[in-house]
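Here's the structure we're looking at; comments come further down.
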Protein chains: 2
Amino acid sequence: MMLDERKIKILAAVVHDYIATAEPIGSRTIARKYRIGISPATIRNEMADLEEQGYLHQPHTSAGRVPSHKGYRYYVDFLMPIKKLSAAEQALIRSIFNRRVNELEELVKEAARVISNLTSYTTLTLGPQLKSSHLKYIQVNRIDETRGLLLMVTNYGTVSHNIIDMPPTISDSDLERITNILNDNLSGKTISEINSDIMETIKTEMIEYDEILNILLEILIENLEEDAESGNVVSTGSSKMLDYPEFRDVEKAKNFFALLEQHDLITKALKSSSKPNAINVTIGVENPLTELQDFSIVTSNIIVDGKDLGVFGILGPTRMEYSKVVSILEQVTNYLVKTLSTML
Amino acid sequence: MMLDERKIKILAAVVHDYIATAEPIGSRTIARKYRIGISPATIRNEMADLEEQGYLHQPHTSAGRVPSHKGYRYYVDFLMPIKKLSAAEQALIRSIFNRRVNELEELVKEAARVISNLTSYTTLTLGPQLKSSHLKYIQVNRIDETRGLLLMVTNYGTVSHNIIDMPPTISDSDLERITNILNDNLSGKTISEINSDIMETIKTEMIEYDEILNILLEILIENLEEDAESGNVVSTGSSKMLDYPEFRDVEKAKNFFALLEQHDLITKALKSSSKPNAINVTIGVENPLTELQDFSIVTSNIIVDGKDLGVFGILGPTRMEYSKVVSILEQVTNYLVKTLSTML
DNA sequence: TTTAGCACTCTAAGCTTGAGAGTGCTAAAG
DNA sequence: CTTTAGCACTCTCAAGCTTAGAGTGCTAAA
């Protein structure tokens, strides 16, 4: 990557301007706006070089230049200024974490909303994988003659409840016993460890409750599978994307919304951002999933005490305000990790 | 509403054709496609009459006619054929209700998804109003040293949980006592009845748990208020709307998505469809909310045993396949009511 | 009362044109 | 050797013009 000083300046100018305007940038514009001290003609020569090296791209012969994904990559890796957030932005982010919120899910939802408001891009969140979480607390209750409630709390603070059929023959003291035994045997286990073996041992211990145990096992497995295939992805602020000229064409907009509905793809995309506790930027065609190659995605993997609590992702056009997005995501991640480590 | 036979035929033809094509219909088209047995010239005269009476409308002098909201209204009230659903559609609807589902919420979500798939319009759902539901079961648990879980089940089968701070000084037997007293005093009450008076009496009964009772009261009120102002609205299948020519303009699409995010408006719109257990059709400007006057909305209020369980709404362009939508919604409502009356 | 005929209107699509932005190349200047 | 001015060239976009087509309303005849 040997780019000399001048080429760097020009590349930076093109990327910066294109992010701001979404219009191809010409040599004259750069000379005028970015006072590099050389004439448009020279800039033209440099730009021709940059194009040959793959950093820029020309939509058509007489148009200005647009950054290629390689250009963005260089910008993100080496040139991107660290964007200082405004006081208002800072305050908004802090405000999420000031209120005492006890539920992970709610906190994440709030954070996603704020990120979308600040960036005007779509925020994706992938909750903690049930598979890797372990049960902290289980309870079985009766709520009326025929039905009961199975309650599970994981170490990540996620609560799930399922209404289940419960034969009227089971008494309250039975339930207490079941609850106790379930807790003794299951709490501390990850959900994927709760396989039929463990259930078998429980069943031998509680042979008289065979029926209800079968139901419980079924629900556990169902929850697990549902989670594994499509994750618990949520997207926030998708309508904001319609403001960008990239989506002026309804066909494009439709593709985008269709994409958001493919939770399996989104899950894959979010998971594949690998480095833990770092901000990851994937630009356009760098994404292995072809459906996402028109977009860029910036992700942050939230890890607290070695526990993988999920992923935040910001999805936008390749022409994305990377520096702002990265700053905001960094900031939110930090706060989140700090808050969660006291919460868990 | 004195329209003679011939005018009715013409109006029906215009509405029918416009719903199918989204293009203004001319006299020749009607003569050709709907063989009414009169010439285009005569049709023109009749159409001029219909326009004068407000049933049709002409986008510009040399264009065909388009139904006005009055035209749609006449069609819906008097002309609309009862659309028989295809076997496949029937089967799809039935399939939702065949699986044994215990949670209202899940059932509703499934139903909404199917409706959207069948109609390609957006389905809105408004869950039961917490305000009018009553508590069936309350429980307070400890999940770790500092936190506990407040669990509420309403008579509608909706479950809500909140993680709360819980001072370590409170023992398990304390919790049991609290749970019992809460159940004794609160179950059977609607949430809006649970005002500070009742809580005061509980507090005197349990003077030693003042701190935690305050927290609980706060959460109850919070839940109630949140519900009252924005309801628990969910919209499904919104991206499908981009297929309609009405939204070819991105500006329109943006408005639509922005509208969907205004849950208070949607709640109002769904609630104002008054007649219980009947299908309600609100066409364009008939809607008191100006933001919704570009759309039509077909709603059905789900009432079981006198309990208002919520509202289904199908939101689409005024040029909507009313007969299909009404049939589907009718069908789903029937199944839903039947299923729920065994469930509750 | 219905219909054929016709002049008229309006839109949408296609075509032309010119302005504007930008380029690459060449040759001169530094 | 590098930079720059100059210039011919290219391409797009918007504006204006034209035309085909669809549809109307009116009139007069059936």
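So that the names make sense, note that chain A is the first sequence line, chain B the second, and so on, each numbered from 1.
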Side chain of [X] (C-beta onward), nearest among [options]:
X      : options                   : value
S39(B) : dC11(D), dT3(C), dG24(C)  : dT3(C)
S62(B) : dG25(D), dC11(D), dG23(D) : dG23(D)
A48(B) : dG24(C), dT4(D), dG25(D)  : dG25(D)
R65(A) : dG24(C), dT3(C), dT3(D)   : dG24(C)
S27(B) : dT24(D), dC10(C), dT3(C)  : dT24(D)
T61(B) : dT3(C), dT12(D), dC10(C)  : dC10(C)
N45(B) : dT3(C), dG24(C), dT3(D)   : dT3(C)
R44(B) : dT12(D), dT23(C), dC6(C)  : dC6(C)

Go ahead and name the base partner of [N]; Watson-Crick or wobble counts if both distances stay under 3.5 Å, otherwise write none.
N       : result
dA28(D) : dT3(C)
dT11(C) : dA20(D)
dG20(C) : dC11(D)

Return whichever of G37(B) or E51(A) has its heavy-atom-nearest nucleotide of DNA chain C closer to the 5' end.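 Checking each residue's closest nucleotide, the 5'-ward one belongs to G37(B).
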
Starting at atom [atom1] of [X], determine the distance to atom [atom2] of [N], rounded to an integer number of angstrom.
X      : N       : atom1 : atom2 : result
D49(B) : dT2(C)  : CG    : P     : 11 Å
H60(B) : dT24(D) : NE2   : P     : 10 Å
I10(A) : dG22(C) : CD1   : P     : 15 Å
I43(B) : dG25(D) : CD1   : P     : 13 Å
I36(B) : dT3(C)  : CD1   : C1'   : 16 Å
Q58(A) : dT12(D) : CD    : C1'   : 13 Å
I38(A) : dT2(D)  : CD1   : P     : 14 Å
L50(A) : dG24(C) : CG    : P     : 12 Å

Classify the nucleic acid contact of A41(A) as base, sugar-phosphate or nothing, counting any heavy atom under 4.0 Å across all strands shown.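 Base contact.
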
Give T42(A) one of three labels, base, sugar-phosphate or nothing, depending on what nucleic acid heavy atoms sit under 4.0 Å from its own.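 Here T42(A) touches the bases of the nucleic acid.
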
Close side-chain approach of V76(B) to I283(B), heavy-atom, < 4.5 Å: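 With C-beta onward as the side chain, the pair touches.
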
Of E52(B), E51(B), E46(B), the residue whose pairing with K7(B) passes salt bridge (charged side-chain N to carboxylate O under 4.0 Å, His left out):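 Answer to the salt bridge (charged side-chain N to carboxylate O under 4.0 Å, His left out) test with K7(B) among E52(B), E51(B), E46(B): E46(B).
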
Among I266(B), L265(B), L260(B), which residue meets the side-chain contact (heavy atoms from CB on, under 4.5 Å) test with Q262(B)?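 Testing Q262(B) for a side-chain contact (heavy atoms from CB on, under 4.5 Å) against I266(B), L265(B), L260(B) leaves exactly one candidate, L265(B).
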
Quick check: are there more than 12 heavy atoms from other residues, nucleotides or ligands sitting under 6.0 Å from NZ of K254(B)?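 Count over threshold, so yes.
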
May I ask you to say whether D77(A) pairs ionically with R73(A), meaning some side-chain N is under 4.0 Å from a carboxylate O?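 A salt bridge is present here (some side-chain N lies under 4.0 Å from a carboxylate O).
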
Return yes if the base of dG22(C) and the side-chain atoms of R28(A) contain a donor-acceptor N/O pair under 3.5 Å, otherwise no.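 Under the 3.5 Å cut-off, the side chain and the base do not form any donor-acceptor pair.
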
Pick out which of Y121(A), Y72(A), Y18(A) makes a ring pair (Phe, Tyr, Trp, His ring centres under 6.0 Å) with Y322(A).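 Of the listed residues Y121(A), Y72(A), Y18(A), the ring pair (Phe, Tyr, Trp, His ring centres under 6.0 Å) partner of Y322(A) is Y72(A).
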
